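Just so it is clear, the structure is predicted and the values come from calculations on it, not from any experiment. Chain letters run A, B, ... following the sequence lines, proteins first, then strands; residues in each count from 1.
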Amino acid sequence: MSANGTTAAPILRLSGINTYYGQIHILQDVNIEVGAGELVSLLGGNASGKSTTLKTILGIVKPRTGTVEFAGDEVTDKRTSYRIGQGMAIVPENRRLFGPMSVLENLEMGAYLNKDGKARTEDFDRVYELFPLLHERRAQLAGTLSGGEQQMVAMGRALMSRPRLLLMDEPSMGLAPILVERSFEIIKQVHDAGVAMLVVEQNANMALSIADRGYVLSTGRIVLEGKAADLLQNEDLRKAYLGR
Amino acid sequence: MSEQLAQPEHGPAIGQDEWVARHGQRRSLRGGPLGTLETRLLRVPWWAWLVLFLAAMSLLPLFSSSGYVRRVGFDTVLYMLLALGLNVVVGWGGLLDLGFVAFYGIGAYAYAMLDSDKFGIHLPSLVSVPLIVALGAVVGLLLGLPSRRLSGDYLAIVTLFFLQLFQTLTTNGDNAFGHDLTGGPNGLLNIDPLHAFGHDLIVQHRGVFAVSYYYVALVFFALVFVALRLVNHSRTGRAWRSLREDPLAAEAMGMPVNWLKLMAFSFGAATAAFTGTLFAALNGSVFPLTFYFVLLIIVYTMVILGGSGSMPGVVLGALIVSPLLELLRDPGKSRVVFYLAVLGGVVVAFRFSRKLGLVAAATAAFGFVAHAVAGAVDDRWVAGEHAGGAGGALAHWVIVPSHLAGWVPVVSYVGLIAVGLFLTLVPQRIRLVLLVPTLYLAAFVWENVMLVYPEPARYIVLGVILIALMILRPNGLLGEKRVEII
């Protein structure tokens with residue numbers, strides 16, 4: 001399916017997705033694959049369908065035709081909570097933390113579907129090990145954290161559910177340039193820990209620099225796909241997104 | 001998770017600026033003996049507060065043997081229960097439920113049907129009350145089912161319709177397919193008092209309100225408070241709050257959003273039904289119109305005033321509003337409330353500065369001069385009786401004519417509102433000068449218009465106090481500060 005072919009068995013596969021909002025045809029025959037342990041970037045400008053793709057993957061929006069397969073299981077008609085339970089997790093756009101709740105409570109909500117207390121303790125340990133700062137700030141209200149720290153909480157919250165696939169919606173949005181860089185370092189760090197990721201971004205340069213592969217969406221169609229290194233060299237993409 | 005504090009070994013961590021880094025420090029730095037006291041108080045566990053509160057509340061009958069005062073105390077505890085129930089739906093679930101008091105009514109009517117001569121059923125209270133709580137929870141679920149995909153305005157409309165439906169059914173239930181189920185507008189009478197182990201819990205003891213019901217209500221309150229507190233600090237409670245903060249993010253965490261909403265509805269409804277049983281058992285009668293908009297608005301007022309989402313807050317709200325509404329019934333007492341509220345407003349506006357003294361002195365002088373001048377021009381202008389009787393300086397300060405021309409109440413009342421609005425538009429210096437006659441006009445309107453119509457005046461005063469408080473404390477008295485994610 002992918003031009004380059006993924007070596008590992010795909011954890012996520014969208015095949016022939018067509019999504020509509022009312023009569024408006026948003027996603028047009030979208031095919032995307034994310035292999036196990038792979039970091040894939042989904043690029044695209046405003047109104048290109050990036051968020052709709054994410055919503056389709058999560059099941060918040062249902063496609064009219066096409067299938068969503070997750071970990072070898074067809075989930076097209078399954079509800080969001082089922083997919084989360086199967087190992088999807090999302091770091092939403094603008095982080096969307098629960099502001100008046102503490103860092104600890106935010107993390108706990110990420111593990112909402114995990115009722116096993118002991119396993120949850122392990123999850124907390126894992127997240128705190130990755131982000132020691134969150135342990136330090138665990139009693140602080142999430143809304144009072146700075147932007148970068150909130151990004152960590154959002155990542156930590158998503159990791160609490162032991163995701164097999166982490167979806168990231170515009171992680172660079174609303175962050176200062178220095179924080180964007182740090183934010184992508186965090187993403188790389190989490191990816192190195194073995195989590196497959198789909199990073200949806202406008203910041204093509206940054207997103208491709210850490211990704212294995214990339215897709216480019218434009219007005220609801222995949223117009224380019226390939227290895228991240230190749231995409232970075234692609235003339236069209238450079239013109240469209242990198243301004244060079 | 002380990003309790004040990006992890007120290008970051010690396011330099012300034014990601015996004016950790018100086019302001020955030022010193023956050024913890026700044027909190028404990030709140031200085032002086034007051035700061036120390038605050039930290040100490042914050043460390044007192046919640047159940048200690050509850051015990052203290054219950055102890056204080058149970059002292060009330062010792063201070064007054066008046067049946068009226070005890071009755072007001074009982075009603076206040078009922079309001080506290082209702083506020084706690086509404087807080088689950090509105091404060092925690094974030095659902096605008098305008099049908100809440102219908103569940104209260106359902107509880108009361110169910111008790112009336114299960115424990116009265118109406119159908120000849122006399123279940124022991126230990127059976128009927130838990131049964132009714134379960135019924136409330138189930139009806140709450142049923143109302144929630146069709147409403148669970150609705151939010152905001154739509155949910156409000158559906159629940160409002162439910163309240164109206166309850167009204168219609170109870171009012172017309174005296175002829176349901178030829179059977180009399182609810183007694184219609186005349187309600188259900190001769191309801192049993194609470195009874196268990198073959199004993200009745202009497203309502204009147206030698207013609208005075210028996211204090212036992214007050215204590216039973218306090219026990220009910222303690223039960224509900226502890227139960228809801230446990231729920232709020234469970235996973236479900238936190239899920240409710242996260243749902244209120246951001247439904248989409250909550251859904252993306254895999255939370256069963258619809259089910260959580262239903263649960264909030266159900267918990268609130270069960271609490272209201274529980275309270276309804278007490279109401280019916282004490283009053284011995286239930287009527288449809290008890291469970292209507294006025295009650296709904298009062299309970300909402302308590303929740304909003306106290307701080308939606310905070311359990312101590314909504315209890316405090318009930319504790320303030322319920323006695324306040326009683327005080328405002330009596331012209332003499334409502335006069336005290338009114339002047340204290342005005343004084344409080346002026347103090348808040350100017351703090352304890354020279355301006356405050358200036359305005360107060362000028363207003364006092366203005367009144368006496370105006371009264372003297374009016375008296376000199378025509379005796380009848382100051383010959384009126386103060387409603388509820390007011391002696392002392394007040395009688396020589398506010399003009400109360402013996403006869404008011406028909407246009408005076410309307411013009412003065414509307415004029416007061418217009419002047420109040422006008423004051424917000426003019427420069428500060430002019431406002432200070434104009435404030436004096438405005439305050440006097442307010443007193444005039446109060447004595448001549450409001451006190452003559454005490455029932456609307458009650459709610460107007462309550463509304464004004466509420467507006468003032470909402471400006472001062474937008475989240476209610478004990479409400480959590482809103483933390484916006486930017």
- Message: For a quick check under 3.5 Å, do A:Ser102 and A:Gln140 share a side-chain donor-acceptor pair by atom type?
- Response: no
- Message: Less than 3.5 Å apart, any donor N or O on the side chain of A:Asn203 or A:Glu170 sitting next to an acceptor on the other?
- Response: no
- Residue from B:Glu251, B:Arg235, B:Met255 scoring the most non-hydrogen pairs under 4.5 Å with chain A is B:Arg235
- Item | Under 4.5 Å from any heavy atom of chain B - which part of A:Ile60 | side chain
- Query: Is the closest side-chain donor-acceptor distance between A:Tyr82 and A:Asp73 under 3.5 Å?
  - Reply: yes
- Step by step, work out the side chain to side chain contact (heavy atoms under 4.5 Å, CB included) result for A:Ile84 and A:Thr80. CA-CA 6 Å; A:Ile84 305 282; A:Thr80 305; 4.1 Å; yes
- Which atoms of A:Met101 come close to chain B, meaning under 4.5 Å heavy atom to heavy atom: side chain ones, backbone ones, both, or neither? side chain
- Is chain B contacted by the side chain of A:Arg79, its backbone, both, or neither, given a heavy-atom distance below 4.5 Å? neither
